[in-house]
Structure formats: C-alpha cells, structure tokens
> 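Here you go, one structure.
Index from 1, following the sequence.
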Amino acid sequence: MQCLIRENNLTRKTVLSLNEQLEGIRDSFTFIVPELILTSALLLILTAGLIDNTRNILFNVITLVAAICSMIGVILGGFEPSIDLFNALLQREGFGSFLILLVDASVALTCLMSLSESGKAHRSEYYALVISIGLGSHLLLMSSNLMMVFLSLEVISISSYILAGYSFNKPGSEGSLKYFLFGSIASAIMLYGFSLLYGFTGTLDFTSTLFFEKLVNVQSPLLLIAGFMGLCGFLFKTAAVPMHPWAPDVYEAAPLPVIAYVSTGPKVAAVGVLTKFLLSMHLFGQGQIDWQALIAVVAILTITVGNLSALWQNDPKRMMAYSSIAQSGFLFVGIAAFIPQGLQFMLFYAAVYLLMNFSVFVYLMYFERQGVYGMTSHTGVGKTLIWASAGLTIALVALAGLPPTAGFTAKLLIFSSLWEAYQATDKVLLLWLLVFGLLNTVISLFFYLRIPYYAFIRAGESIAVRKKAGFENLLGFILVVLIVGLFFVPGLLMGLINRINFVL
C-alpha cells in the first residue's frame with residue numbers, strides 16, 4: 001500500500017465559488033450510495049414501526065437486505081484511491097471501503113442472530129439503532145474532518161448506549177448508564193483535544209497538507225497532550241486501556257446480539273479512523289513526538305490488562321469482554337508497525353476477528369437457549385451437544401491464535417510486520433511489544449480453553465436441556481468453516497487487501 005498525502009482545497013490559490021461548491025456537493029451523492037441505502041432503510045423501519053413495532057421478521061429482513069445492498073454498493077464502487085466528497089468533509093478510499101464492508105457484514109450477522117427475538121417489544125427501534133450504528137461507522141471511516149469524526153462517533157455512541165440497555169432489566173440499565181457516563185467523559189476529552197489541534201493548525205481537515213505543514217513546526221509539549229486527548233475517543237470505542245472499564249459490565253448485561261455487534265462493527269470503524277489520525281499526527285516520521293512509541297505502549301497495556309483480567313472471570317460474557325480488550329491491543333500491533341504491510345495485515349486481522357468474535361457469541365447464544373450460562377455450566381456439555389461444543393472450541397482456539405485457524409494466520413502476519421518494523425528502525429520498544437504479544441498469546445490459552453476443558457475433560461453430568469439444533473448452531477458452523485478455510489487459503493482475503501491503496 002502507498003501512504004500519500006492528498007492536496008487540500010484550503011491550500012489552493014483559487015477559492016471555489018458558491019456554484020462550484022454546490023456542484024461538488026451534488027456530485028458527491030454519486031459516491032455515497034451505500035450510505036443512502038442505509039438511510040432509506042432506517043426511515044422505512046421507523047415509518048413501519050409507527051404502525052406495528054413488534055414485527056421482528058419484517059424489520060429484520062429490511063435491515064439484512066439493506067446491509068447486503070450496501071456491501072454490493074461498496075464493492076461496485078471499487079477500492080480506488082481517495083475521492084474528496086462534500087468539500088473535503090468526507091473521502092471515499094480503499095482502506096476505509098474495506099472496513100465498511102466489515103461493518104456491513106457485522107450488521108448482517110447481527111440481524112441473523114436476532115431472528116429468534118420475535119415477540120419482544122420495540123423491535124423497530126432496535127433495528128433502527130442497529131442501522132444507525134452502521135451508518136455512523138460508515139461516516140466515521142469516511143471522515144477526513146475532525147468535527148465529522150466527532151459527530152460520527154456520537155452517532156455510534158448514543159445508539160450503542162441505548163442498545164446496551166435493551167435487555168430491559170436492572171443490570172442492563174446499570175451497564176447502559178455506565179457506558180453513557182464513561183462515553184460522555186471520553187467524548188468531552190476528545191473534543192477538547194481536537195480544539196487544541198485546531199488552534200495549532202487552523203484547520204479541522206486532519207488529512208490536508210495545511211494540517212501537515214502547520215503541525216510539523218509545532219514545538220510545544222501541549223501537542224502531546226492535545227494528541228492524547230484526541231485519542232481518548234478512539235480508545236473508548238475500541239475498549240482499549242485506559243478507556244476500557246465500561247466493557248465488562250456492558251457485555252455482561254446487554255443482549256448477546258448487541259454485544260457481538262458493539263464488539264466488532266464500531267470497533268473496526270474506530271481502528272480505521274484511528275489509523276488515519278495517528279499517521280497524520282506522526283507526520284510520516286517528521287514530527288517532534290514519537291507517536292509510534294505511544295501506540296506501542298497502549299498496545300502493550302491493552303493486551304496485558306485484557307488477558308490478565310480475563311484469567312479470573314467465571315462468566316463467559318465477562319471473559320469475552322476482556323478478550324475484546326486484548327484483541328484491540330493486537331489490532332494496534334498492526335498500526336504500531338507504521339509500515340504498509342502492518343496496515344495490510346491489520347485489515348486481515350480485523351476481518352478474521354469479526355468472524356471469530358461473532359462465532360463465539362453465536363454459540364454462547366445457542367448454549368444459553370439450552371440452559372447453559374456460566375463457565376462451569378459447560379461441564380459435560382461436550383458429550384450431549386458435541387457439535388456445538390466443537391464449534392465453540394474452534395472459535396475460542398482461533399481467538400487464542402492456534403492452528404489450524406485463521407486466528408493463527410492473523411497473529412503470525414501482524415507479528416511478522418512488527419518484526420520487520422523493528423529491523424528497519426531498531427526501536428527496542430517494538431521488540432518489547434513483540435515479546436509481550438507472544439507471551440500474552442500463551443497466557444490467553446488459560447482462559448480461552450477453560451470452556452473446552454469443562455465441556456470435554458471435566459467429569460460431571462451436563463445440565464443442558466436437549467432441544468432442536470437451532471439456527472444459531474447452523475450460523476456458528478458456517479462461521480467456523482470460514483475461520484478454518486482462511487487458514488488453508490488466506491490468499492482469498494489477502495488478494496483483495498493487496499489491491500488496496502491507502503491514501504491519506
């Protein structure tokens with residue numbers, strides 16, 4: 001991939017007339033067909049909900065079709081270099097378009113997980129919020145303006161706060177409130193950081209040459225504070241240290257489809273815009289502050305805190321919360337390399353992570369329907385529900401990074417890019433990140449393999465109530481096949497990623 005800086009409209013000698021600006025806005029609509037599809041589906045669901053908001057299947061199908069059509073629109077639009085939209089508020093480029101595909105895939109998988117939720121209240125609002133998060137993620141990945149980044153994050157966050165309480169019980173309300181309070185603080189800190197960056201540069205377009213030229217000459221230590229405050233919003237959305245404490249309570253109390261969605265779609269969107277933001281702040285190695293070292297430290301802390309905390313969990317959902325924190329750290333490893341291969345392999349890891357995380361939550365939902373909830377409740381389940389237990393085991397093995405799963409391939413690729421970056425720069429911190437990453441991969445085995453241990457090895461009678469196989473079992477099986485298939489044929493995904501030119 002090529003890292004390029006695009007020319008900004010603000011640096012041109014000619015000032016666009018009002019007619020030219022209006023024509024630019026009009027022409028921009030041609031490139032936002034996926035976003036228009038999601039917006040239309042959102043309005044349709046809200047309108048239909050005024051008549052009857054309990055028709056789960058109808059709203060589910062509308063959302064699923066919209067997500068699939070959006071993916072088709074992104075693919076037909078291609079993964080070409082950057083195109084400025086709406087007078088440089090947004091830009092369509094290959095790197096963001098690939099992650100938008102992952103966001104739409106997470107919307108579709110959330111719909112499939114929610115098929116069995118018929119009979120519950122406020123279904124139109126539920127799917128409207130799911131689409132809102134997807135639409136906000138689209139806009140976030142297309143943002144090239146700090147204010148647009150903030151507004152997109154708020155669209156995602158506010159919808160997520162409401163969805164987190166959709167279990168309509170006391171723990172759900174408490175988790176949603178904690179999510180809201182923590183998110184509000186993170187947003188305020190991030191906004192203040194953005195305001196400082198605007199004061200330094202005189203522009204909100206963080207991908208412009210003007211932003212680059214102004215920032216490269218800043219000598220004030222206040223720049224480090226401004227940049228780190230700006231990072232807070234991204235770290236919050238990815239549940240990275242030190243903005244992670246909200247995750248366990250939210251994961252424990254929220255409905256499983258919501259947890260699966262919030263832990264994947266918005267996360268990959270935040271990682272995508274974080275990558276662009278860090279490259280801008282890093283000034284391609286010409287800045288006074290070593291942002292590579294900063295993100296490496298955040299990655300080390302995030303991986304370590306996530307894995308060590310997961311060791312003590314007895315609730316599978318809380319364990320997956322800390323797993324999600326650790327996985328954010330592994331995504332940051334690809335960014336910390338600050339080389340094109342690292343960004344490519346980070347995209348591969350993000351795609352595989354989506355498959356792994358959804359497969360685990362799909363199987364956890366299936367087991368809950370069989371009366372299996374806690375970690376120890378899986379005792380003996382491997383003898384009575386063998387196929388579901390085997391599928392869950394493969395998904396957990398993939399998260400741990402063991403063969404023969406794509407999780408092993410993903411970790412191998414990002415660690416190889418980190419080693420290549422270390423050889424090129426001789427930065428000891430990158431070597432420490434590699435060491436901590438490998439050690440934490442070993443540590444993660446102790447909690448990822450606890451459920452398989454109870455299911456297949458621990459002596460005891462299963463408490464599972466035998467029911468029909470269920471759609472969740474089939475969906476989980478399909479995801480597991482994809483995870484194993486990408487281990488043997490990773491080129492199917494890497495071939496697409498290698499065609500992407502990353503343009504900043």
Side-chain angles (χ1 to χ4, degrees), residues 106 110 113-114 117 120 122 126 129-130 133 153-154 156-190 232-267 270 298 301-329 331 353 357-358 360-365 367-368 372-377 396 399 444 447-448 450-451:
S106 69
T110 303
M113 286 185 68
S114 304
E117 300 293 308
K120 294 189 176 181
H122 309 293
Y126 174 84
L129 291 168
V130 169
I133 293 175
L153 274 174
E154 288 305 290
I156 297 171
S157 297
I158 293 172
S159 301
S160 300
Y161 304 151
I162 302 172
L163 275 182
Y166 240 74
S167 53
F168 299 108
N169 55 29
K170 185 177 180 180
S173 299
E174 291 176 354
S176 177
L177 180 60
K178 178 178 285 190
Y179 197 7
F180 166 72
L181 293 175
F182 211 90
S184 300
I185 295 171
S187 297
I189 295 173
M190 179 180 67
C232 282
F234 306 124
L235 298 182
F236 164 74
K237 191 48 62 183
T238 56
V241 173
M243 309 299 291
H244 67 288
W246 59 270
D249 290 337
V250 173
Y251 278 53
E252 184 178 21
L256 278 167
V258 172
I259 304 172
Y261 185 37
V262 170
S263 65
T264 50
K267 175 173 290 191
V298 171
L301 293 175
T302 301
I303 294 172
T304 304
V305 170
N307 281 327
L308 293 181
S309 300
L311 288 173
W312 311 104
Q313 305 307 313
N314 292 314
D315 186 307
K317 291 192 286 189
R318 289 186 71 89
M319 181 199 76
M320 286 303 297
Y322 287 110
S323 163
S324 177
I325 294 170
Q327 295 297 331
S328 294
L331 286 168
Y353 169 71
N357 227 43
F358 262 103
V360 171
F361 283 115
V362 165
Y363 277 118
L364 289 180
M365 174 180 274
F367 279 114
E368 284 195 358
V372 179
Y373 293 92
M375 196 82 71
T376 57
S377 300
L396 291 170
L399 282 172
S444 68
F447 61 85
Y448 281 131
R450 283 185 68 190
I451 290 180

> Run the numbers on Met375 and Ile451 for side chain to side chain contact (heavy atoms under 4.5 Å, CB included), then give the verdict.
CA-CA 6 Å; Met375 196 82 71; Ile451 290 180; 3.2 Å; yes

> For Ser173 and Asn169, indicate whether the former's side chain and the latter's backbone hold a donor-acceptor pair under 3.5 Å.
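Confirmed, Ser173 side chain pairs with Asn169 backbone.
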
> Which residues satisfy the side-chain hydrogen bond (donor to acceptor under 3.5 Å, both in side chains) test with Asn357, sequence neighbours excluded?
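For Asn357 the side-chain hydrogen bond (donor to acceptor under 3.5 Å, both in side chains) partners, ignoring immediate neighbours, are Ser263, Tyr353.
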
> Would you say that Leu181 contacts Trp246 through its side chain, given a criterion of any heavy-atom pair below 4.5 Å between the two side chains?
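Leu181 vs Trp246: side chains apart.
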
> Rounded to the nearest 0.5 Å, how far does CD1 of Ile325 lie from OG1 of Thr304?
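It comes to 12.0 Å.
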
> Do the rings of Tyr161 and Tyr179 sit parallel, tilted or perpendicular, given the 30° and 60° boundaries?
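Tyr161 vs Tyr179 ring planes: perpendicular.
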
> Would a distance-only check, ignoring hydrogens and angles, find a side-chain to backbone donor-acceptor pair under 3.5 Å from Thr238 to Phe234?
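Yes; at least one donor-acceptor contact below 3.5 Å.
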
> Might you work through the side chain to side chain contact (heavy atoms under 4.5 Å, CB included) test for Thr264 and Gln327, ending with a clear yes or no?
CA-CA 10 Å; Thr264 50; Gln327 295 297 331; over 6 Å; no

> Any side-chain to backbone donor/acceptor pair from Tyr251 onto Ile259? Under 3.5 Å, distance only.
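Answer holds: no.
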
> Mind running side chain to side chain contact (heavy atoms under 4.5 Å, CB included) on Val130 and Leu163 for me, showing each step along the way?
CA-CA 8 Å; Val130 169; Leu163 275 182; 4.1 Å; yes

> Under a 3.5 Å distance rule, please check whether Ser167 uses its side chain to pair with a backbone N or O of Ala253 as donor and acceptor.
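At least one qualifying donor-acceptor pair exists.
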
> Go through it in stages, so that I can follow the logic: the residues are Arg318 and Glu252, the test is salt bridge (charged side-chain N to carboxylate O under 4.0 Å, His left out), and I'd like the CA-CA distance, side-chain angles, deciding distance and then a yes or no.
CA-CA 6 Å; Arg318 289 186 71 89; Glu252 184 178 21; 2.9 Å; yes

> Side chains of Glu174 and Asp249: does their closest heavy-atom pair fall under 4.5 Å?
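With C-beta onward as the side chain, the pair stays apart.
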
> Looking at Arg450 and Asn314, what are the two nearest heavy atoms and their distance?
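For Arg450 versus Asn314, the nearest heavy atoms are NH2-OD1, 3.1 Å.
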
> Can you tell me how far apart CZ (Phe236) and CG (Leu153) are? Round to the nearest 0.5 Å.
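Interatomic distance, Phe236 CZ to Leu153 CG, rounded to 0.5 Å: 9.5 Å.
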
> Using ring-ring contact (aromatic ring centres under 6.0 Å, His included), reason through Trp312 and Phe447 one step at a time and then give a plain yes or no.
CA-CA 8 Å; Trp312 311 104; Phe447 61 85; over 10 Å; no

> Are Ser160 and Ile133 side-chain neighbours, meaning at least one heavy-atom pair lies under 4.5 Å?
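Yes. Closest side-chain heavy atoms under 4.5 Å.
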
> Minimum heavy-atom separation for Ser444 and Asn307, please, with both atom names.
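Where Ser444 meets Asn307 most closely, the heavy atoms are CB-OD1, 3.7 Å.
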
> Is there a side-chain contact between His244 and Val305 in this structure, where contact means two heavy atoms from C-beta onward sitting under 4.5 Å apart?
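Touching, per the 4.5 Å side-chain cut-off.
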
> Identify the two heavy atoms, one from Ala254 and one from Lys317, that lie closest to each other, and give their separation to 0.1 Å.
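Of all heavy-atom pairs spanning Ala254 and Lys317, the closest is O-NZ, 4.2 Å.
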
> Dump the intermediate steps for side chain to side chain contact (heavy atoms under 4.5 Å, CB included) on Asp315 and Tyr373, then the final yes or no.
CA-CA 8 Å; Asp315 186 307; Tyr373 293 92; over 6 Å; no

> Quick one: closest heavy-atom pair of Val298 and Val241, and the distance?
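Nearest pair, atom of Val298 first, then Val241: CG1-O, 3.6 Å.
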
> Mind checking whether Leu399 and Ser323 have side chains closer than 4.5 Å, heavy atoms only?
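Yes, close enough: below the 4.5 Å cut-off.
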
> Quick one: does Tyr363's side chain get under 4.5 Å of Phe358's, heavy atoms only?
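Side-chain contact under 4.5 Å: no.
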
> Please examine the side chains of Phe182 and Ser187, heavy atoms only from C-beta on, and report whether any two atoms are closer than 4.5 Å.
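Result no, sub-4.5 Å side-chain heavy-atom pair not found.
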
> Which atom names give the shortest non-hydrogen contact between Lys237 and Ser157, and what distance separates them?
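So the two residues come closest at NZ-OG, 3.3 Å.
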
> Can you tell me how far apart NZ (Lys267) and CD1 (Ile156) are? Round to the nearest 0.5 Å.
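If we round to the nearest 0.5 Å, Lys267:NZ and Ile156:CD1 are 13.5 Å apart.
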
> Just so I know, are the side chains of Met319 and Leu396 near enough to count as touching, which here means a heavy-atom distance under 4.5 Å?
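Yes - at least one pair of side-chain heavy atoms lies under 4.5 Å apart.
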
> Would you please indicate if the ring centroids of His122 and Phe168 are separated by under 6.0 Å?
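Yes.
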
> What are the two closest heavy atoms between Ala247 and Ala239, and how far apart are they?
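In terms of heavy atoms, the two residues are closest at CB-CB, 4.4 Å.
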
